[in-house]
Each structure stands twice: as structure tokens, then as C-alpha cells.
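Starting from 1, each residue takes its place in the sequence as its number. This one's a predicted model, so the numbers in the text were calculated from it and none came from an experiment. Hydrogens, waters and symmetry mates are skipped; everything else that's a heavy atom, side chains included, is used.
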Amino acid sequence: MNDVSVSEVAEWFADAQAAVVLTGAGISTESGIPDFRGPQGVWTKNPAAQFMFTIENYLADPEVRRQAWAARLASPVWSAEPNEGHRALVEYERTGRLRAILTQNIDGLHQAAGSTESRVVELHGTMREVMCLDCGDRNPMPEVLPRIEAGETDPPCLECGGILKSATISFGQQLLPEVIETAVAATRGADLFVAIGTSLGVYPAAGLCDYAIARGIRLVIINAEPTPYDDDADIVLRQPIGEILPILVGDTPK
């Protein structure tokens, strides 16, 4: 692993015909969106904040919902812009070598950068939509945030009066089976698997690495902190994502 050079990894990117990337919060920190578990993470600084991300607490406690809606309104997601890491993946997709982006992120920055929506699999849902936990009605988040600004601290569903929540997966909620099936199928058909900016500690997303390892697919990890899969990877890169990813895809023939 340590004997592999960056130029050799760039050749892996250039040789791939069906690359799959798994992205985590680390790719978005360079856009000003803090991660959760890193040294400066939201939960690292305030462990109690995790309370808002448990579905049981959200359903049972109106105060938790009020805090969650205040946090959504103030989220840096709304002013964030894609960074060089996001844009590098767009360029890589244009070569025809990138099969899918499997993302744990809920910020929508891959699509904002120009990644094809059908190639982005949002494993944990999206913050850019809101859904009713009672009737299932879904709407764009920007349609609800003005209600928070106008004083509705816990806005009900306009269709049925039920509880509204961002269309994201909270602790205690199951990932959608069809989303996981899509991610697994993409991984099984890959010839290069790249984990970018993820601690690889949250399952089932992290378990996608196991499919790559079992099939002998090259595994590249780009992450600032150690992960449980570092010893299994063909190469681990610690450089900032916005710096190293453009280098890895920069020499890829169009």
C-alpha cells in the first residue's frame, strides 16, 4: 500500500471502466459544511446534538422538532457551494469512467456541481426535501423554511396535519431497501472503488467496502483520519480532497 505513488493511482483512475465512489462529510467540509464526527465535528463539539437525529426523540418531543427546524433554517448548506472535489468528480464522469456516486451526504452538492442526478445515490436521503412522516407527502425544503421564518417553530403537514421532517435518514430509521440494492449492484459491477471523506464507520454504507474487497476490486481511501478499512485498501491518501482528487482525475483521457 505504501509503495504506490499518486501517479500510479491516477493511472488506476484512467484505466477504470466502471469506477464507483463513496463520499462522506469530508468532501463537503471544504465547502464550509462541518462534519459530525471529525475533530471539529458537530457532535464532537456538542455530543447532545445527536439527540435531534434519533427518530424516536423527534417523533415524541415537540421541543426536539423545534430545535431541528431552527438548525435546518440556519444550516450552512443553503449558502454552500461545490468545491474542487465535487467538480473533479463531474470531470471524471465526463470521461465515461464513473458509474456511480454513492453519497452519505444530504447536502445535494454533487448535483449542484453538475453530477448527473441518476448517477448520484443518496444513501441517507436529502436535506433539500421535506416529507410528512404520516402521509408521506414530499415537497422542496425551500417551500417550508419560510414558514419557520414566519414563526411556525414546528410546522405541520399542510395535507394531513402530520409531523414534517427533512427527507433524511435519522438514527432508528431504516435505509430504503431499493437505495441499498442500487448501491450494492453498482459496487459489485465496479472495477475501482474510491471512498472519499468518510470515516467508514457507519453501516450499511461502510459495508460497501466489503463487497469491493470480496471481489478483489481496487480500493482507494481518501480521508484525513484513519478508517477501519485502511489495512484493506490498495492506497490510503491523507491529502485534502480538493487538492488530491483533481490530480487523480486530471490526467484521465477524455
Main-chain N/O of [Y] paired to [X] side chain as donor or acceptor, under 3.5 Å:
{"X": "D191", "Y": "A18", "answer": "yes"}
{"X": "R119", "Y": "R99", "answer": "yes"}
{"X": "N223", "Y": "I196", "answer": "no"}
{"X": "R65", "Y": "Y58", "answer": "yes"}
{"X": "R97", "Y": "D15", "answer": "no"}
{"X": "R87", "Y": "G114", "answer": "no"}
{"X": "Q67", "Y": "V64", "answer": "no"}
{"X": "N105", "Y": "G24", "answer": "yes"}
{"X": "R215", "Y": "R188", "answer": "yes"}
{"X": "T29", "Y": "G26", "answer": "yes"}

Check: [Y] and [X] side chains under 4.5 Å, non-hydrogen atoms:
{"X": "E152", "Y": "V144", "answer": "no"}
{"X": "F171", "Y": "I55", "answer": "no"}
{"X": "D232", "Y": "C209", "answer": "no"}
{"X": "V184", "Y": "Y211", "answer": "yes"}
{"X": "L133", "Y": "L164", "answer": "no"}
{"X": "T103", "Y": "V121", "answer": "no"}
{"X": "R72", "Y": "K165", "answer": "yes"}
{"X": "V202", "Y": "H124", "answer": "yes"}

Determine the minimum heavy-atom distance between [X] and [Y], stating which atoms define it.
{"X": "L208", "Y": "T187", "result": "O-CG2, 3.5 Å"}
{"X": "P82", "Y": "L109", "result": "CG-O, 3.7 Å"}
{"X": "R218", "Y": "D234", "result": "CA-OD2, 3.2 Å"}
{"X": "A205", "Y": "L123", "result": "CB-CD1, 3.8 Å"}
{"X": "S199", "Y": "T227", "result": "O-CB, 3.5 Å"}
{"X": "I101", "Y": "S115", "result": "CD1-OG, 3.5 Å"}

Task: Reference residue Q111; test side-chain hydrogen bond (donor to acceptor under 3.5 Å, both in side chains); the match among E122, R128, H86 - done: E122
For the hydrophobic clusters of this structure (ILVMFWY residues joined by side-chain heavy atoms under 4.5 Å, transitively), does one cluster hold both [X] and [Y]?
{"X": "V236", "Y": "L200", "result": "yes"}
{"X": "I27", "Y": "V90", "result": "no"}
{"X": "I163", "Y": "L158", "result": "no"}
{"X": "M131", "Y": "L73", "result": "no"}
{"X": "V249", "Y": "V220", "result": "yes"}

What distance do [X] atom [atom1] and [Y] atom [atom2] have between them, rounded to the nearest 0.5 Å?
{"X": "L102", "Y": "L22", "atom1": "CG", "atom2": "CG", "value": "6.0 Å"}
{"X": "E84", "Y": "E30", "atom1": "CD", "atom2": "CD", "value": "9.5 Å"}
{"X": "Q239", "Y": "I244", "atom1": "CD", "atom2": "CD1", "value": "4.0 Å"}
{"X": "M127", "Y": "S75", "atom1": "CE", "atom2": "OG", "value": "3.5 Å"}
{"X": "N139", "Y": "C132", "atom1": "CG", "atom2": "SG", "value": "10.0 Å"}
{"X": "L245", "Y": "E91", "atom1": "CG", "atom2": "CD", "value": "11.0 Å"}

Under a plain distance cut-off of 3.5 Å, with no hydrogens placed, do [Y] and [X] share a side-chain donor-acceptor pair?
{"X": "H110", "Y": "T23", "result": "yes"}
{"X": "T116", "Y": "S118", "result": "no"}
{"X": "E56", "Y": "Q173", "result": "no"}
{"X": "T198", "Y": "Q104", "result": "yes"}
{"X": "T126", "Y": "E129", "result": "no"}

Open item on the list: I'd like to know whether L192 forms a side-chain contact (heavy atoms from CB on, under 4.5 Å) with V194, so could you lay out the CA-CA distance, the side-chain angles of the two residues, the decisive distance to 0.1 Å, and finally the verdict.
Closed with: CA-CA 7 Å; L192 176 67; V194 188; 3.9 Å; yes
- [ ] Go through D107 and W78 one step at a time and tell me if the side-chain contact (heavy atoms from CB on, under 4.5 Å) criterion holds.
- [x] CA-CA 9 Å; D107 52 44; W78 311 122; over 6 Å; no
TODO: Go through the steps to decide whether M141 and L145 satisfy the test side-chain contact (heavy atoms from CB on, under 4.5 Å), and finish with yes or no.
DONE: CA-CA 6 Å; M141 181 65 77; L145 292 181; 3.9 Å; yes
- [ ] Decide side-chain contact (heavy atoms from CB on, under 4.5 Å) for F193 and I213; before the verdict, give the C-alpha distance in whole Å, the side-chain angles of both, and the deciding distance to 0.1 Å.
- [x] CA-CA 9 Å; F193 191 88; I213 294 165; over 6 Å; no
TODO: For atom CD of E149, decide whether the heavy atoms of other residues, nucleotides or ligands shown that lie under 6.0 angstrom number more than 12.
DONE: yes
Open item on the list: Counting only heavy atoms not in E117 (residues, nucleotides, ligands), do more than 12 fall under 6.0 Å from its CD?
Closed with: no
Open item on the list: I'd like to know if D154 and R66 make a salt bridge, using a cut-off of under 4.0 Å between side-chain N and carboxylate O.
Closed with: no
TODO: Can you label the angle between the Y92 ring and the F13 ring as parallel, tilted or perpendicular, going by 30° and 60°?
DONE: tilted
